[in-house]
Amino acid sequence: MKEWRYWVAEQRGTLLACGIFLLMFAIYTSNHPAGFTANVVETAANKGVLLAFVAMAQTLVVITAGIDLSVGMIFVLTNCVASALVVGTPMQTALGILAVLVVGVLCGALNGAIVIYGRLQPIVATIATGAVFFGIALLIRPFPGGSVNEDLADTLTGKIFGVVPASLVLLLVIVLLVWVPFRRSVLGRGAYAAGSAEAAAYMSGVPIRRAKFAAYMLSGLLAAFGGLFLTFFTYTGEAAYASGNAYTLFSIAAVVIGGVSLYGGRGSAIGAIFGALAFRTIGDLLFVFDLGALWQPLFQGVILLVAVSLGAFGLFRIRNRLEWFL
Amino acid sequence: MSDMASHGRAGYLPGFLRRADPAVLTAFACIVVLLFLGSLYSRNFLSPEYLLQQLKVASFLGVIATGMMLVVLLGQIDLSVPWTITAGAMMACAAAAYGPVGTALAMPFGILCGVLIGLVNGIGVAYLRIPSMIITLATNAVVQGLMVVYTGGSSPQDTATPAMRYVATGSILPGVPNAVIVWALVGIAMVFLLTRTGFGRTIYGIGNRERAAYLSGINTRRVVLIAFAMCGGLAAFGGVLLAGYASKAAQSMGDAYLLPSIAAVVLGGTSILGGRGSYLGTVAGVILITLLQSILSVMQMPEAGRQIIYGIVIVAMLLLYGRTPASR
Amino acid sequence: MDDAVPLLRMEGISKRYGGVKALEKADLSVNAGSIHAILGENGAGKSTLIKILSGVVGPDEGRILLDGREVTFASPAAANQAGIVCVFQELSLVPELSVADNIVISDPPQRFGMIDHKAQRRIAEEALARAGAADIHPRALVKDLPLSRRQIVEIAKALARKPRILILDEATSALTAADVAKVFDVCKRLRSEGLALLYISHRMNEIRELADECTVFRNGHNVASYRAGTRSDDEVIEMMIGRQYSHVFPAKPDSGSASKSAPVLEARSLSWAGRLHDISLTLHPGEVVGLGGLDGQGQRELLLAFFGVLRGLGGQVLIDGKTVSIDSPAAARAAGIGMALIPEDRKTEGLMLPMTVRENLSFASLDRITKAGIVDRDQEQELIDDMVRLLAIKTAGLDIPVGALSGGNQQKVVIAKWLMRQPRIILLNDPTRGIDVGTKQEIYQLLRKLADTGAAILFYSTDYDELIGCCDRVLVLYDGAVRRELVGAEITEHALIASALNIEAEGQSAMQEVNA
Amino acid sequence: DPEIVSGPAAQADCFVPWSADTQFFKYPKKEGPYRIALANGYIANTWRIQMVQTAKAYAAQPDVAAKLKEFKVVSTGEDVPAQISAINNFIDSGYDAIVTDAQNPTAFGAVIKRAKKAGVVLVAFDNTLDTKDAINVNVDQKGLGTLWGDWLVKYLPEGGKVLEVRGVAGTSVDTDRHAGVQEALKASGKDFKITEVMGKWDDGVAQKAAADVIATNGPFDGITAQGGDTGVVQAMIDAKHPFVPFAGETENGFRKFCHEYAEQGLKCTSAGSGPAQVAVAIKVAIAALEGETVPQELKLPLAVASYPDLKEGQDYFPSESNNFFVGNSFPTCGINFSAQEIMGQSKEDQ
Ligand SMILES: Nc1ncnc2c1ncn2[C@@H]1O[C@H](COP(=O)(O)OP(=O)(O)OP(=O)(O)O)[C@@H](O)[C@H]1O
Ligand SMILES: Nc1ncnc2c1ncn2[C@@H]1O[C@H](COP(=O)(O)OP(=O)(O)OP(=O)(O)O)[C@@H](O)[C@H]1O
Ligand SMILES: O[C@@H]1[C@@H](O)[C@H](O)OC[C@H]1O
Ligand SMILES: [Mg+2]
Ligand SMILES: [Mg+2]
């Protein structure tokens with residue numbers, strides 16, 4: 001095999017997700033009454049980036065062969081915290097942002113501690129911590145409200161030079177500052193190894209607990225970036241139970257569309273970002289196709305079903321039935 | 001050590017006792033502790049009326065969790081439970097609009113709809129090898145779409161039939177709600193299925209290692225398909241009961257059952273990775289969750305506190321007995 | 001040398017797993033610059049000993065002295081630090097990572113706190129070359145490699161860690177002669193570099209060739225240590241199994257007597273996915289037919305093809321002279337066909353480890369022991385009793401997890417679960433891998449007994465001795481095709497190796513005759 | 001930008017300002033026909049489905065249809081950002097007015113700015129927006145709570161134990177209604193002991209919560225519930241709880257019960273916000289585009305029906321589903337849909 005083939009094989013999931021997204025986005029913008037304009041892209045980007053953060057957060061945990069059903073609640077909780085703290089002078093705002101991120105990291109650390117050191121199954125552990133996070137969010141914000149530094153918010157949700165959505169730039173920066181270093185670090189590799197074959201990794205002397213713990217903490221951090229950005233986008237905080245759960249489920253869908261294996265050890269946060277953008281575009285398609293209002297949820301459901309079934313096409317190429325069970 | 005053929009008879013304990021692990025016992029102990037704590041707040045928590053009422057409410061979750069347990073034993077999960085419940089309820093009520101025949105067939109029809117949803121899940125998981133977490137998420141969205149279209153598109157009949165009401169709220173044995181009897185029957189059937197039938201063995205086998213089960217000549221895909229269909233049917237049955245209980249079907253009725261049904265199964269000691277768990281544990285888990293929710297609700301705890309305590313109690317109980325073994 | 005402090009001493013090591021004493025007051029002493037073989041039956045405690053040595057599990061009692069100083073290892077990483085590196089019996093590679101990632105996994109080269117891919121690649125290439133596997137691409141994913149290649153990667157990974165003590169726990173069990181030879185070269189080179197090697201294997205010839213010192217384990221305790229070459233094989237085996245040991249292989253019937261009956265299984269021009277080419281063969285009741293050749297030449301695929309696992313098969317399969325299409329193991333085991341497959345990897349393909357011995361034994365026969373879907377427990381018990389007796393399965397009970405049995409007994413459970421169906425055609429995929437000599441012998445005898453009662457057996461083995469000792473005929477595969485058929489006295493080590501390597505030799509003309 | 005003018009509004013019977021200090025808007029007159037969009041959020045409950053159906057029916061009425069070039073509906077689910085983005089998209093696509101049932105009252109600041117800049121009329125109803133820059137149409141949620149509280153005070157002159165079944169925690173609708181109930185009971189000066197549970201506007205949840213609390217804290221002298229009322233009554237029946245005065249919403253099932261058990265003590269007031277308020281919202285949007293004066297906050301009358309005046313065929317429909325909100329007309333605005341008409345209409349429609 002040529003070198004580039006190995007690269008393509010490694011990136012297959014990501015490339016596929018990227019392809020799906022580009023196709024869907026092309027369909028969307030070419031049918032949009034306003035067309036492919038900076039405003040339309042900005043709107044789509046803002047909405048997509050939010051989910052992209054949560055999906056990245058989910059990815060980190062999924063890579064370790066875990067799942068985080070509390071990720072949406074961390075997102076909601078940090079949104080509520082941000083709506084209380086990220087205001088005032090630039091200094092206060094900066095400290096507020098720091099506090100929000102710390103809250104996210106702490107939530108992730110709590111999950112990690114319970115799963116890794118408490119040895120509980122991630123699914124149930126995070127169902128439970130999700131309830132706790134939501135409860136705290138509700139304490140902070142019994143009703144929707146609060147505020148945020150609007151100048152900063154407008155900058156980050158607006159356009160740079162009137163063209164490039166600032167949200168995409170922000171996302172890129174976070175990817176470069178958080179994901180890439182993690183991916184290329186020993187701990188990052190450890191997280192993959194633990195997700196792929198924990199016992200083997202342990203026997204090989206990989207620091208799997210530390211690696212998984214780091215993954216959970218960074219997951220909390222990324223979810224907090226999501227919560228922060230939600231606050232910039234909405235100017236407020238809200239302890240919304242339904243949307244917390246919705247983001248959790250969306251993030252799982254995004255991660256899968258993004259080529260991240262739910263069995264752990266395979267996939268990348270970049271893929272999950274494209275998965276998130278593609279998932280969001282499913283919703284946007286409602287806007288350009290003239291569907292009866294009552295048919296819209298069904299339409300979204302069917303597209304989602306098709307998108308997640310795409311991976312199944314590979315199945316027909318399988319010629320050894322034992323490969324079903326990998 | 002010599003050949004141990006003679007040991008055979010010792011294995012003749014009833015299945016549920018043989019499998020009764022410390023987790024199940026601890027779960028039941030937790031129930032007692034919860035009741036005790038509740039009784040400190042109000043003596044009424046120990047009254048027979050309250051306990052029967054709890055059992056009745058628990059039986060809806062119980063029926064739903066039964067199906068969930070089946071797929072969890074396979075190492076899978078069913079996230080389509082919320083709208084499967086709703087679809088079961090709505091379709092049962094819808095059938096009642098079609099004269100006496102419709103009324104008579106309402107319950108089976110509702111359950112059948114759940115089975116169909118389960119079949120779609122099962123095909124996705126077993127034949128298309130899509131991770132269950134994701135295919136069931138998608139079918140949930142599709143069923144939601146169908147129900148929204150149904151509710152808005154044709155004048156819906158959403159009143160439960162008298163039979164549904166009777167099954168959910170009547171009592172054929174004095175003092176014992178029918179719903180509890182229904183759950184008991186479902187539970188007995190499930191215990192029998194899991195411990196005495198070949199199908200039950202293959203469920204555990206597949207949950208442990210599907211590859212080995214397949215190479216043993218088991219049609220594992222069919223078993224997975226059937227398990228999902230049963231899970232769908234049981235969720236829909238839960239919906240039918242709920243509709244009977246509330247005497248009507250409503251869109252959001254399934255939302256409150258997804259996470260509790262998973263939590264109940266796991267609190268009962270069933271491994272979320274599949275292959276290990278007993279029905280008795282699920283019973284304990286269901287009662288635990290139901291009691292916990294009820295006690296927090298009645299204690300006038302504000303929602304925020306209720307969520308926090310709910311989460312902490314679940315983690316605490318799991319730390320008590322739900323930990324995976326240490327690797328060293 | 002004897003009065004010098006040994007590089008490693010283990011003293012009074014004990015370890016229990018629940019009620020099982022895996023080790024009891026075991027001692028071991030290893031010198032630098034030597035290869036030390038550990039021998040013993042399945043379940044003798046060999047793996048447990050080295051797991052303790054390499055920090056995977058902690059001992060209940062006893063101490064480890066390295067250079068005369070007492071050490072304790074809290075983790076494999078700690079043992080690595082001290083220069084102890086182990087190639088485990090259960091592979092410790094991470095399938096989703098690349099070969100290079102795996103080779104450097106315990107201590108990747110770093111620059112600015114991040115993994116240095118260039119350096120990692122260099123290390124990997126070097127280690128692969130030292131292990132004699134320069135053909136493996138460092139970027140290939142481990143999960144895409146066949147088992148034999150993985151074992152080589154595992155060895156390369158161990159070498160990259162620059163060990164002082166290198167432990168190979170059945171590291172060659174899935175390797176063919178050619179690969180084994182390469183590994184031996186490596187071992188010998190390392191010895192000359194002053195390393196200590198601990199070598200565990202059930203293959204006597206390997207130990208004969210390689211070892212300087214030997215320690216024999218039985219029932220969790222070291223029963224003897226001796227310099228290599230000072231004991232005969234039979235003596236060693238008797239130490240291991242603690243009883244008299246004679247003929248390994250049962251006598252074969254007159255060659256050709258079986259092939260006079262009508263074939264039960266026949267393949268005509270089977271081909272599949274570019275991995276099997278135009279394979280034709282016949283299998284008669286009462287025959288043991290071997291599949292030979294280098295590992296990975298299509299033998300496994302051929303067995304899977306018969307067993308209904310492969311899709312898109314070309315050619316025909318005939319049972320009792322009638323064409324059949326078998327599309328699943330369920331169809332293969334059905335009445336009228338009656339096939340059984342003892343799979344390659346008992347842990348993932350043969351058994352459900354956490355389930356009980358009972359459940360595993362009857363798992364393939366559930367259809368036979370259920371009436372209206374309900375398990376008939378009395379009938380189940382009877383069948384299980386028969387099988388436990390027939391195969392002399394050693395277990396502390398039928399209701400303990402099968403995973404608690406030793407490897408050899410696990411393998412017996414796999415075989416028993418299929419014999420319970422009384423199959424007419426038995427396909428075996430390297431069934432004695434990692435099995436001690438005593439158990440192997442029992443299996444050979446069993447196979448012959450089954451053949452004598454009319455079963456047809458198709459037997460793939462990576463061990464040439466086995467093919468020679470057991471088989472009436474051997475089909476040697478090369479690149480997915482039958483290269484040569486050896487019958488009766490033609491089955492010699494020389495012929496097997498020559499045709500496996502596809503060497504132009506005197507075999508060539510004979511082969512053409514066969515094909516004609 | 002709308003000009004801020006003084007009242008009264010055009011069509012003053014319908015466009016009732018919220019309070020004395022409510023501002024009035026006059027938008028620059030635009031030529032019709034108009035492109036109007038409805039940006040709904042959540043869709044999967046009967047109230048919302050009824051609302052969407054009413055919107056479609058209203059837009060299809062000949063006199064309304066004549067003024068519309070396009071009427072588009074999008075439901076984005078419970079996710080606030082998705083709804084915000086939908087509105088942004090409508091603005092960017094040049095719609096003249098956007099009507100919305102907002103998932104969150106405070107999150108739409110940036111959208112409101114953007115709509116204002118683009119000269120788009122933004123009307124929120126039901127779940128309205130905390131803003132002075134868009135038009136809000138709603139019933140008085142707190143007033144609804146007050147109405148319920150007053151009803152209980154009237155029937156329990158000596159005070160007593162009251163069960164309050166609340167809605168979804170954290171929503172303004174729930175908080176406002178709750179505050180209304182509490183204040184009314186407190187204002188009575190009588191001794192009321194209130195037990196609260198969360199019913200989530202859902203019959204099943206409300207029924208379960210009510211059954212629990214009846215078993216542990218019952219019996220009660222009076223009950224108030226927002227949403228899920230049918231389930232609460234069902235829980236009383238199942239627990240053989242005596243029938244007591246009940247203040248609740250407008251579900252048909254609830255009203256059927258109220259009728260059936262009135263003589264046994266289930267004396268009800270049934271009041272709430274009809275889904276038809278969407279039609280009022282559209283009506284205001286058109287008026288604004290036509291350059292008429294409209295109030296910034298518009299108060300709709302509550303649809304109330306109380307013991308002993310519940311009329312069959314008008315206030316409740318025995319042969320119809322339990323599951324729709326009966327109060328669905330605003331006669332002062334000329335909006336007179338019956339719920340059955342709405343829920344049945346689309347059969348021919350599709
Ligand atoms: N994790 C475990 N749990 C329970 N029993 C165990 C465990 N590991 C090993 N044993 C038991 O300890 C004994 C020694 O096992 P060990 O694996 O050391 O044997 P071995 O000599 O390596 O055998 P083999 O040649 O089959 O690999 C066996 O009886 C085995 O069943
Ligand atoms: N094993 C390798 N051999 C040679 N070059 C490699 C190897 N792995 C990665 N590279 C090169 O290193 C650069 C980064 O690769 P890539 O983005 O795949 O790394 P990554 O995904 O961050 O980490 P990993 O290599 O652990 O997968 C690319 O130029 C790639 O071609
Ligand atoms: O106003 C509420 C509406 O927003 C919700 O959708 O259903 C219940 C109503 O009370
Ligand atoms: Mg890579
Ligand atoms: Mg071993």
Side-chain angles (χ1 to χ4, degrees), chain A residues 67 69-70 114 118-125 127-140 142 198-199 202 239 241-242 245 249 252-253 255-257 261-263 292-302 304-309 311-312 314-315 318 321-322 324-326, chain B residues 77 79 120 124 127-131 133-135 137-149 151-153 209-212 214-215 220-221 255 258-259 262-263 265-267 271-273 302-315 318-319 322-328:
Chain A
I67 188 95
L69 296 186
S70 73
I114 292 176
R119 299 200 308 270
L120 298 191
Q121 284 303 329
I123 292 192
V124 257
I127 286 178
T129 55
V132 175
F133 299 151
F134 176 69
I136 299 172
L138 205 52
L139 281 182
I140 296 172
E198 180 157 339
Y202 173 71
Y241 186 77
N245 279 334
L249 297 182
I252 297 172
V255 154
V256 169
I257 298 173
S261 165
L262 288 180
Y263 304 113
L294 295 172
W295 294 85
Q296 291 172 4
L298 183 57
F299 172 81
Q300 295 204 35
V302 170
L304 178 62
L305 189 62
V306 172
V308 301
S309 306
L315 200 69
I318 287 187
R321 294 189 174 94
L322 286 184
W324 289 340
F325 307 113
L326 286 181
Chain B
I77 201 154
L79 300 183
V120 174
Y127 291 85
L128 302 178
R129 312 303 303 180
I130 303 170
M133 183 167 278
I134 190 80
I135 178 76
L137 192 63
T139 39
N140 191 53
V142 171
V143 177
Q144 167 174 357
L146 289 172
M147 290 303 114
V148 167
V149 169
T151 316
R209 202 161 288 271
E210 184 169 7
R211 195 181 174 96
Y214 174 77
L215 281 174
T220 59
R221 295 190 296 174
D255 291 356
L258 176 62
L259 297 184
I262 300 172
V265 169
V266 176
L267 277 180
S271 163
I272 198 85
L273 305 175
E303 179 75 3
R306 208 183 304 172
Q307 294 278 349
I308 294 173
I309 294 176
Y310 180 71
I312 291 177
V313 170
I314 290 184
V315 170
L318 287 173
L319 285 178
R323 307 178 71 187
T324 47
S327 54
R328 198 181 136 94

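Values below: every heavy atom of this structure, side chains too, minus hydrogens, waters and symmetry copies. What you see is a predicted model; the values in this text were computed from it and never measured. To find a chain, count down the sequence lines: A is the first, B the second, and so on, and within it residues start at 1.
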Using non-hydrogen atoms only, which part of L305(A) is less than 4.5 Å away from chain B: side chain, backbone, both, or neither?
->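 Backbone plus side chain of L305(A), per the 4.5 Å heavy-atom cut-off to chain B.
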
Given the options [options], which has more heavy-atom pairs under 4.5 Å with chain B than any of the others?
options                            : result
G301(A), A137(A), P297(A), A131(A) : A131(A)
L138(A), I136(A), V306(A), L120(A) : L120(A)
P122(A), A253(A), G130(A)          : A253(A)
Q300(A), E198(A), R321(A), Q296(A) : R321(A)
N245(A), T129(A), V255(A), V256(A) : V256(A)

Give the intermediate values and the outcome of side chain to side chain contact (heavy atoms under 4.5 Å, CB included) for residues I308(B) and L139(A).
-> CA-CA 10 Å; I308(B) 294 173; L139(A) 281 182; 4.0 Å; yes

Which atom pair, heavy atoms only, marks the closest approach of P131(B) to L262(A)?
->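 Between these two residues, the closest heavy atoms are CB-CD1, 3.8 Å.
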
With the side chain counted from C-beta on, respond yes when [X] and [Y] share a heavy-atom pair under 4.5 Å apart, and no when they do not.
X       : Y       : value
V132(A) : I309(B) : no
L215(B) : L322(A) : yes
L137(B) : V308(A) : no
L298(A) : V148(B) : no

Can you tell me which portion of [X] sits under 4.5 Å from chain A's heavy atoms? Options are side chain, backbone, both or neither.
X       : answer
R221(B) : side chain
L128(B) : both
T220(B) : side chain

For each of [options], tally heavy-atom pairs with chain A at distances under 4.5 Å, and name the one with the top tally.
options                   : answer
I312(B), I314(B), L319(B) : L319(B)
Q144(B), M147(B), Q307(B) : Q307(B)
L79(B), T139(B), L273(B)  : L273(B)

To the nearest 0.5 Å, what is the distance between CG (L294(A)) and OG1 (T151(B))?
->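 If I round to the nearest 0.5 Å, the distance is 8.5 Å.
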
I123(A): side-chain contact (heavy atoms from CB on, under 4.5 Å) partners, not counting sequence neighbours =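 Only I67(A), L69(A), I127(A), I77(B), M133(B), I262(B), I272(B) meet the side-chain contact (heavy atoms from CB on, under 4.5 Å) criterion with I123(A).
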
Sequence-distant partners of Y241(A), ring pair (Phe, Tyr, Trp, His ring centres under 6.0 Å), two or more places apart =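 Partners of Y241(A) under the ring pair (Phe, Tyr, Trp, His ring centres under 6.0 Å) test: F134(A).
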
